Amino acid sequence: GILDALDEADVTVYFDTDRPVEIYVANYTGNPAKDLGVPGLDRYIDLFINQTDGVNQLEIGLYYTDEQIADLGLVEEDLVFYWWNGADWIPCSNTGVNINENYVWVIITQATTPSIQDLTGTIFAPAEKPPVGGEVIPVNPIETLTSWITTILLLLTTTIIILTKTKKHQLILHLKF
């Protein structure tokens with residue numbers, strides 16, 4: 001079946017179930033959890049199903065415009081869905097983007113992350129893929145610069161002390177001869 005929530009949230013949900021199920025989609029006006037840590041569409045939806053038994057697969061599609069991508073400076077090909085696990089934003093395991101029809105999608109089954117069992121009020125957000133090799137760690141530029149400046153000053157001070165002692169030693173040697 002299909003749940004068409006395009007007018008309410010720019011979302012469609014395709015579902016495959018063995019029994020009747022109620023699916024609810026909520027559209028948040030802002031981030032209901034902590035910062036994503038990667039550039040995103042600044043769109044947050046909540047998906048709730050009233051029961052997980054008999055639900056085989058759900059596919060969520062969230063639509064966007066080319067203008068939104070340009071205004072936010074995003075790389076459209078890098079968009080994926082993240083889900084809020086209650087503590088952190090985690091990239092969904094089966095997600096991607098349809099750049100021809102302008103939507104980010106995620107397929108959810110019993111074997112994906114999140115799984116069907118997680119859909120009892122789950123927040124999703126489309127954003128760019130995390131950098132290869134891990135997660136985004138915020139960097140404080142002042143702390144980084146301070147350590148570099150301190151290192152450079154220590155090296156300069158050491159060099160000046162060595163040069164001063166060397167010149168004194170050379171002067172003493174010159175006076176003896």
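Keep in mind the model is a prediction, meaning the values are calculated, not measured.
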Colleague: Could you check whether any side-chain heavy atom of W83 comes within less than 4.5 Å of a side-chain heavy atom of D118, counting everything from C-beta outward?
Modeller: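 Yes, close enough: below the 4.5 Å cut-off.
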
Colleague: Mind checking the CZ-CD1 spacing from F48 to I23? Nearest 0.5 Å is all I need.
Modeller: 11.0 Å

Colleague: For the pair T112 (side chain) and T109 (backbone), establish whether a donor and an acceptor sit closer than 3.5 Å, ignoring hydrogens and angles.
Modeller: yes

Colleague: Should N94 and W105 be marked as a side-chain contact (heavy atoms from CB on, under 4.5 Å) after you check the CA-CA gap, both sets of side-chain angles, and the distance that decides it?
Modeller: CA-CA 9 Å; N94 189 0; W105 56 265; 3.4 Å; yes

Colleague: Atom CD in Q117, atom CG in L119: separation rounded to 0.5 Å?
Modeller: 8.5 Å

Colleague: Decide yes or no for E128 and V75: does some side-chain heavy atom of the first lie under 4.5 Å from some side-chain heavy atom of the second?
Modeller: yes

Colleague: If two hydrophobic side chains count as joined below 4.5 Å and joins carry through other members, does Y28 share a cluster with L62?
Modeller: no

Colleague: With rounding to the nearest 0.5 angstrom, report the CD1 to CG distance, I108 to L47.
Modeller: 6.5 Å

Colleague: Sequence neighbours left out, what passes ring-ring contact (aromatic ring centres under 6.0 Å, His included) with Y14? Give chain and number order.
Modeller: none

Colleague: At their closest point, which heavy atom of D46 faces which heavy atom of T122, and how far apart are they?
Modeller: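 Closest approach of D46 to T122: OD1-N, 3.0 Å.
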
Colleague: Hey, what do you get for CD1 (I90) to OG1 (T113), rounding to the nearest 0.5 Å?
Modeller: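 Answer rounded to 0.5 Å: 9.0 Å.
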
Colleague: Just jot down the ring-ring contact (aromatic ring centres under 6.0 Å, His included) partners of Y64, sequence neighbours excluded, or say none.
Modeller: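 Checked Y64 against ring-ring contact (aromatic ring centres under 6.0 Å, His included); zero matches.
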
Colleague: Any heavy-atom pair between the side chains of L3 and V25 that's under 4.5 Å?
Modeller: yes

Colleague: Side-chain heavy atoms under 4.5 angstrom apart, residues restricted to Ile, Leu, Val, Met, Phe, Trp, Tyr: same cluster for I116 and I107?
Modeller: no

Colleague: Would you say Y44 and L6 are hydrophobically clustered, going by side-chain heavy atoms of ILVMFWY under 4.5 Å?
Modeller: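 No: no chain of side-chain contacts under 4.5 Å links Y44 to L6.
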
Colleague: Hey, could you give me the CG/CG distance between D42 and L74, rounded to the nearest 0.5 Å?
Modeller: 10.0 Å

Colleague: Consider only side-chain heavy atoms of I, L, V, M, F, W and Y, link residues closer than 4.5 Å, and tell whether V106 and I99 are in one cluster.
Modeller: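 Same cluster: V106 reaches I99 through Ile, Leu, Val, Met, Phe, Trp or Tyr contacts under 4.5 Å.
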
Colleague: Of all residues at least two apart in sequence or in a different chain, which pass the side chain to side chain donor-acceptor pair (under 3.5 Å) check with D71?
Modeller: none

Colleague: What are the two closest non-hydrogen atoms of R43 and P126, and how far apart are they?
Modeller: O-CD, 3.2 Å

Colleague: Which label fits F124 and F81: parallel for a plane angle under 30°, tilted from 30 to 60°, or perpendicular past 60°?
Modeller: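 Perpendicular, since the angle between the ring planes exceeds 60°.
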
Colleague: By ring-ring contact (aromatic ring centres under 6.0 Å, His included), which residues pair with W84, not counting sequence neighbours?
Modeller: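 Result, ring-ring contact (aromatic ring centres under 6.0 Å, His included) vs W84: W89.
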
Colleague: Taking distance alone, no hydrogens or angles, what donor-acceptor pairs closer than 3.5 Å link side-chain atoms of residues 49-60 to residues at least two apart or in another chain?
Modeller:
| from | atom 1 | to | atom 2 | distance (Å) |
| --- | --- | --- | --- | --- |
| N50 | OD1 | E22 | N | 2.8 |
| Q51 | NE2 | P20 | O | 2.8 |
| N56 | ND2 | D18 | OD1 | 3.1 |

Colleague: For Y63 versus T12, what's the shortest heavy-atom pair and its separation?
Modeller: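 Looking at all heavy atoms of both residues, the shortest contact is CE1-OG1, 3.8 Å.
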
Colleague: Measuring from atom CG of N98 to atom CG of L79, what distance do you get when rounded to the nearest 0.5 angstrom?
Modeller: 11.5 Å

Colleague: Run the side-chain contact (heavy atoms from CB on, under 4.5 Å) check on D66 and N102 step by step: do they pass?
Modeller: CA-CA 7 Å; D66 290 329; N102 287 14; 3.0 Å; yes

Colleague: Can you give each donor-acceptor pair under 3.5 Å made by side-chain atoms of residues 30-41, sequence neighbours left out, with the distance rounded to 0.1 Å?
Modeller:
| from | atom 1 | to | atom 2 | distance (Å) |
| --- | --- | --- | --- | --- |
| N31 | OD1 | A33 | N | 2.8 |
| N31 | ND2 | K34 | O | 3.1 |
| K34 | NZ | D88 | OD1 | 2.6 |

Colleague: Would you say the side-chain atoms of E8 pair up with the backbone N or O of N27, donor to acceptor, closer than 3.5 Å?
Modeller: no

